[in-house]
Amino acid sequence: MLIIDFILEVIGYTTARLVLPLITLGKVRVQSLSSTETGFNWLGFKRVPDGLLICQAPIAGWIGLIPWVLMVVVLIVNRITVATTGRLR
């Protein structure tokens, strides 16, 4: 469980904290880990008075893992393709 917590909180959370504001043009921020805010909807988002959305930290961890998982899948598929055909795709 410690490894999963590390992956979610360090890698996923940090990636989401950097990427979410970039891809949403600043309309979504990620909740800080030390925050005790409540009132998030079932998707893990909450609108704050200034009109921005805040993404709950655990959900941000999962969102932040998506690019890493996709990258690993692409690398594995590429490695399998090279191993079976001998050609780089």
Side-chain angles (χ1 to χ4, degrees):
M1 215 50 181
L2 184 63
I3 294 172
I4 293 172
D5 287 340
F6 174 80
I7 290 172
L8 276 177
E9 289 183 8
V10 174
I11 297 172
Y13 175 80
T14 303
T15 302
R17 189 131 176 119
L18 296 172
V19 172
L20 271 178
L22 286 175
I23 63 174
T24 63
L25 301 175
K27 301 217 185 280
V28 176
R29 292 183 307 186
V30 175
Q31 175 190 25
S32 66
L33 287 175
S34 62
S35 176
T36 58
E37 291 186 64
T38 59
F40 291 92
N41 65 13
W42 64 278
L43 289 172
F45 289 90
K46 171 183 169 179
R47 189 166 302 277
V48 291
D50 62 0
L52 298 176
L53 287 172
I54 295 181
C55 181
Q56 196 174 19
I59 299 300
W62 287 104
I63 291 171
L65 283 182
I66 292 172
W68 294 106
V69 169
L70 289 175
M71 187 176 4
V72 167
V73 168
V74 166
L75 290 173
I76 290 172
V77 168
N78 191 25
R79 177 62 83 182
I80 291 171
T81 303
V82 169
T84 56
T85 64
R87 293 183 298 180
L88 185 62
R89 278 197 162 194

Can you tell me how far [atom2] of [Y] sits from [atom1] of [X], rounded to the nearest 0.5 angstrom?
{"X": "Leu33", "Y": "Gln31", "atom1": "CG", "atom2": "CD", "value": "8.0 Å"}
{"X": "Ile80", "Y": "Thr85", "atom1": "CD1", "atom2": "OG1", "value": "11.5 Å"}
{"X": "Tyr13", "Y": "Leu18", "atom1": "OH", "atom2": "CG", "value": "10.0 Å"}
{"X": "Leu43", "Y": "Ile59", "atom1": "CG", "atom2": "CD1", "value": "8.0 Å"}
{"X": "Arg17", "Y": "Ile63", "atom1": "CZ", "atom2": "CD1", "value": "13.5 Å"}
{"X": "Glu37", "Y": "Lys46", "atom1": "CD", "atom2": "NZ", "value": "4.0 Å"}

Grouping I, L, V, M, F, W and Y whenever their side-chain heavy atoms are under 4.5 Å apart, do [X] and [Y] come out in a common cluster?
{"X": "Met71", "Y": "Ile11", "answer": "yes"}
{"X": "Trp62", "Y": "Val30", "answer": "no"}
{"X": "Leu53", "Y": "Trp42", "answer": "yes"}
{"X": "Val10", "Y": "Leu2", "answer": "no"}
{"X": "Leu25", "Y": "Val19", "answer": "no"}

Worksheet entry | Qualifying residue for side-chain contact (heavy atoms from CB on, under 4.5 Å) with Val72, from Val74, Ile76, Val69 | Ile76
For the student: nearest non-hydrogen atoms of [X] and [Y], plus distance:
{"X": "Ala16", "Y": "Pro21", "result": "O-CD, 3.7 Å"}
{"X": "Val28", "Y": "Thr24", "result": "N-OG1, 3.2 Å"}
{"X": "Thr15", "Y": "Pro67", "result": "CG2-CG, 4.2 Å"}

Worksheet item: Can you check whether Thr81's main-chain N or O pairs, donor with acceptor, with Thr84's side chain at less than 3.5 Å?
Response: yes
Fill in: Phe6 atom CZ: more than 12 heavy-atom contacts under 6.0 Å
no
Worksheet entry | Heavy-atom neighbours of Ile3 CD1 exceed 12 at 6.0 Å | no
Fill in: Contact check, side chains of Leu20 and Cys55, non-hydrogen atoms, under 4.5 Å
yes
